[in-house]
Amino acid sequence: MAETREPRLEYVLRLGDSALVLGQRLSEWCGHAPVLEEELALANTALDLLGQARLLLTRAGQMEGAGRDEDALAFLRDPQAFRNVTLVELPNGDFARTVLRNLLFCAFQEQLWAGLRASSDAELAAIAAKSAKETRYHVEHAADWCVRLGDGTDESHQRMQEALDTLWPYTAELFTADAVDEAAAATGFGPAWASLEAGWQKLVRPVLEEATLAVPAPTAFRSTGKGGVHSEHLGHLLALMQTLPRSHPGARW
Amino acid sequence: MERRQWPLWEVFIRSRNGLDHKHCGSVHAPDAKLALQMARDVYTRRQEGVSLWVVRSDQIVASDPQAKPELFDPAADKIYRHPTFYQLPDAVDHM
Amino acid sequence: MYTQAMDIAAAKGEKPGKPTRLENPEYQAQFDEKVDRGDFIEAKDWMPEAYRRTLVRQISQHAHSEIVGMLPEGNWITRAPSLKRKSILLAKVQDEGGHGLYLYAAAETLGVSRDELVEALHSGKAKYSSIFNYPTLTWADIGVIGWLVDGAAIMNQIPLCRCSYGPYARAMLRICKEESFHQRQGYDLLLTMMQGTPAQRDMVQDAVNRWWWPSLMMFGPHDAQSQNSADSMRWGIKRISNDELRQKFVDATVPQAQVLGVGLPDPHLKWNEQRGHWDFGAIDWDEFWNVVAGHGPCNRERLQARVSAWEEGAWVREAALAHADKRAARARAA
C-alpha cells in the first residue's frame, strides 16, 4: 500500500498501531509471568490495549474509506505501513524492562487521552474518554512496580537501571514534532505530541526518582517508527502475528 | 534460596452500593497497594464502581463457634491454619 | 477430569478415602452427620486427616491443571488470526489463571501454602490433568480445546459446586460462572472454520482426530480399575463415576460433531437403540498411563516452562519483599 499522507489518518494510525503492538508484546508474557497474580495483571493490560487498538483501527479504516476494517489493517499491512512508535515494538526483555516500558508509554497515552477529549472528531474523543480510566490503572500499576524494583534488591535495581538506559532514548520520538502533529493540532483534531512532554515528565520523573534510578542524559538518537521507518524488531513481530491470515487469503476466522 | 513468601491477604468486595462487602478469596501480595491492585485484577475483572477491601490474613481475628479446639493450635483466633500465620514449635513443625 | 489423579492414586493402592485410624470418634460422628445432611465444612471445623489430605491434593492438582492449561492455549495468542479471536483467547487464558488462583486460595485454607503446592508441581510430585501434555499444532486446536476439553471439564466441575468443603464449593461456583463462555467460543471458532475454505475444514478435522481420544481419557480410568472411595463419594469430592461421565460426554458431543460436519475418529461409534446411548470404541490405556507417567508429547516442556517462569521470576518476588521491608523500616524510623 502506498504511504498514506492524510495527516489525520496518520495521527490515528500512530495511536492504533502503538496500542496494537504493545498489546501484542504484553501477550507474550502469558504463562511466563513471575507470579500468578501478575499473569492476570499483564493479561488485563494487554486486553485493554487490544481493545483500544480495535477501536482506533476501526476508526482509521472508516476515515480511510477504502473498505479496510481493523483486521485488514492489522494483518495485511507490511511493516513500513505501520505507524507505531519504536518504543513499543522492542522485545519485552525481562520484567523490569516490561514494567518500565509500560510506565513510559502508558504515561504518554494518559497525556494523549486528556488532550483528545476536546478532539474535533467525536469518535476519537469518545475513544479517549473510555480509554482514560484503563490507562490510569496501567500507569499506576507500572509505576508501583518500577518503584518496587528500582528500590528493591541490588539485582532488581541494576535490572531497572539497565532497562532505563536502554529505553529512555526511545522516548524522544514521542515528543518530536512533525507535519502530522502540526496538522492535527491546527485543525483541533488532536494535541501535538510535543505539547504532551511537560505533563509526561511531571508524571514520570518523580516515579523514577522514587525508584532511585538515574535518568540518562539526552542524546541525538531519534527512533522513527511513527513515520514508518522501524527497528528490525517489528518485522519479526508482524511475521508471527500476521502468519495465519496471510497464508489463508480471504479466509474468515 | 528465597524462603519468604509474599504474605496472604483476604479480599472483600462490595459489588454495588446497598450491598455488604463479601469475602471472596485471597491473593498473595508483597504489600497493601499491590494487594489491592491484584485483588482488583483477580476478583473483579476490572469492573467499575466496585469497593474492595484487602486485609492481611494473619491480622484477622476470628471467633468461630463451630471450630473445635486443636491440640497444637496456638492461634485459635485465626481464620484458618496457614503455615505462614505463626511459627509452630519445632517438635511439631512437620505439618 | 481433574480428579483423574485421585483415581490414579486409588488404582495404585493408596486409599485416599480411608483413614488408617479413627482420630476422634466424637468429632468424627459430628463431622459425618454434618456431611450426610448436606451441611458445609468450613476451614476451622474439625475434619478427618484423610479428608483434609484428599482435598489438598485434589484442589491443588485442579489448580495446577488450570495453570499448566494456560500454556497450550497461550501458544497461539500471538498468532490468533483476528483481533477479536486474539482478545477472546487472551481473556480465556486469563480466566484460567484466575481459576488457578481461586483454587490455590481454597487449598491454602486447609493449612498448606501456595509455595509448597507449587514446589510439589515443579518437583513432579503433584500431577495435573494429562490432557495438557498434548501440543497445539494448529489454530483449529484452540477451537477443539474449547469444545472438547472445556466441555469435559464442565461436566466434571458442576457437581463439585456441591462438594462438602465450603471454600472449594465456593471457588467452583465462581469458576463455573466464568466457564460458560469457554466452551461456546471454541465451538463458535470451529463453526466459522467449517463454513470456510477447504484448508480450514481440513485443519479442523485434523485437530479433532488428534484431540478426540485424549479428551475421552480426561475422565480417568474405567471404574473397575479405579477404586471409587466410598468416602469421597459421600464427601462430594467424587461424584458420578468415570464411565458414566464419559458416556454422558460422548452422548452430548456426537450430535455437536454432526452439526459441525466433522467426523469423529472412532470406527466403532454407533448409536445403540437398546441402551439409548452411543457405543464407542476401546480407549488406548497404554497411551493414557504413559502420558500420566511423564512420557507424553509435552510433559517435559510444560513442566520446564512452569519451572523457568518461577525461577526467572525469583528476583522479582524477592525485590518486592525487600522493598516492603525498606518501607516498614522507614516507617518505624520516622
Side-chain angles (χ1 to χ4, degrees), chain B residues 1-11 13 15 22-35 37-46 56-58 60 62-73 75-86 88 92-95, chain C residues 23-24 26-28 30-31 34 39-47 49 52 91 94-95 97-119 166-167 170-171 173-174 178 310-311 313-328:
Chain B
M1 211 225 142
E2 130 216 33
R3 299 245 76 137
R4 278 174 67 199
Q5 305 179 31
W6 284 6
L8 195 57
W9 305 72
E10 301 299 322
V11 179
I13 299 183
S15 51
K22 219 173 101 164
H23 179 241
C24 58
S26 63
V27 290
H28 281 276
D31 58 65
K33 183 120 197 272
L34 279 189
Q37 291 175 7
M38 283 158 170
R40 180 180 175 276
D41 282 326
V42 175
Y43 290 104
T44 74
R45 296 284 194 262
R46 303 155 302 143
R56 270 187 65 140
S57 310
D58 62 3
I60 298 181
S63 141
D64 196 340
Q66 309 286 357
K68 298 295 179 200
E70 296 254 28
L71 213 48
F72 297 115
D73 193 342
D77 62 349
K78 292 276 184 281
I79 48 173
Y80 45 85
R81 294 177 58 232
H82 193 270
T84 62
F85 287 5
Y86 46 77
L88 291 181
V92 295
D93 201 5
H94 59 276
M95 298 178 193
Chain C
E23 293 151 7
N24 184 312
E26 187 206 329
Y27 294 164
Q28 178 74 49
Q30 288 173 17
F31 170 87
K34 216 179 197 172
D39 256 357
F40 287 103
I41 307 297
E42 297 293 347
K44 285 292 284 292
D45 292 344
W46 185 90
M47 60 185 75
E49 186 53 22
R52 196 191 69 85
Q94 179 194 31
D95 271 357
H99 295 173
L101 219 149
Y102 302 157
L103 291 164
Y104 284 129
E108 286 187 278
T109 66
L110 287 162
V112 63
S113 73
R114 196 200 292 177
D115 275 19
E116 284 173 61
L117 298 174
V118 165
E119 157 70 29
R170 288 190 289 275
L173 273 172
R174 195 177 266 280
E178 295 175 0
W310 184 252
E311 287 176 356
W315 69 268
V316 175
R317 300 189 299 272
E318 277 165 36
L321 284 173
H323 181 81
D325 288 346
K326 284 186 187 179
R327 270 246 170 98

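These numbers come from the heavy atoms of this one structure, side chains and all, not from hydrogens, waters or symmetry mates.
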Here the pair of heavy atoms bringing Leu321(C) nearest to Pro30(B) is N-CB, 4.3 Å
If one checks every heavy atom of Leu8(B) against chain C at 4.5 Å, the contacting part turns out to be side chain
For the residue pair Gln5(B) / Ser113(C), report whether a side-chain donor-acceptor contact shorter than 3.5 Å exists. yes
Sorted by chain and residue number, the salt bridge (Lys or Arg N to Asp or Glu O under 4.0 Å) partners of Arg327(C) (sequence neighbours excluded) come out as Glu210(A)
Within the structure provided, determine whether Tyr102(C) and Val42(B) are in side-chain contact (heavy-atom separation under 4.5 Å). yes
The salt bridge (Lys or Arg N to Asp or Glu O under 4.0 Å) partners of Glu10(B) (sequence neighbours excluded) come to none
CZ (Arg174(C)) and OH (Tyr43(B)) are apart, to the nearest 0.5 Å, by 6.5 Å
Applying a strict 4.5 Å limit to non-hydrogen atoms, the region of Asp325(C) in contact with chain B is side chain
Here the gap from His28(B) atom NE2 to Glu108(C) atom CD, rounded to the nearest 0.5 Å, amounts to 3.0 Å
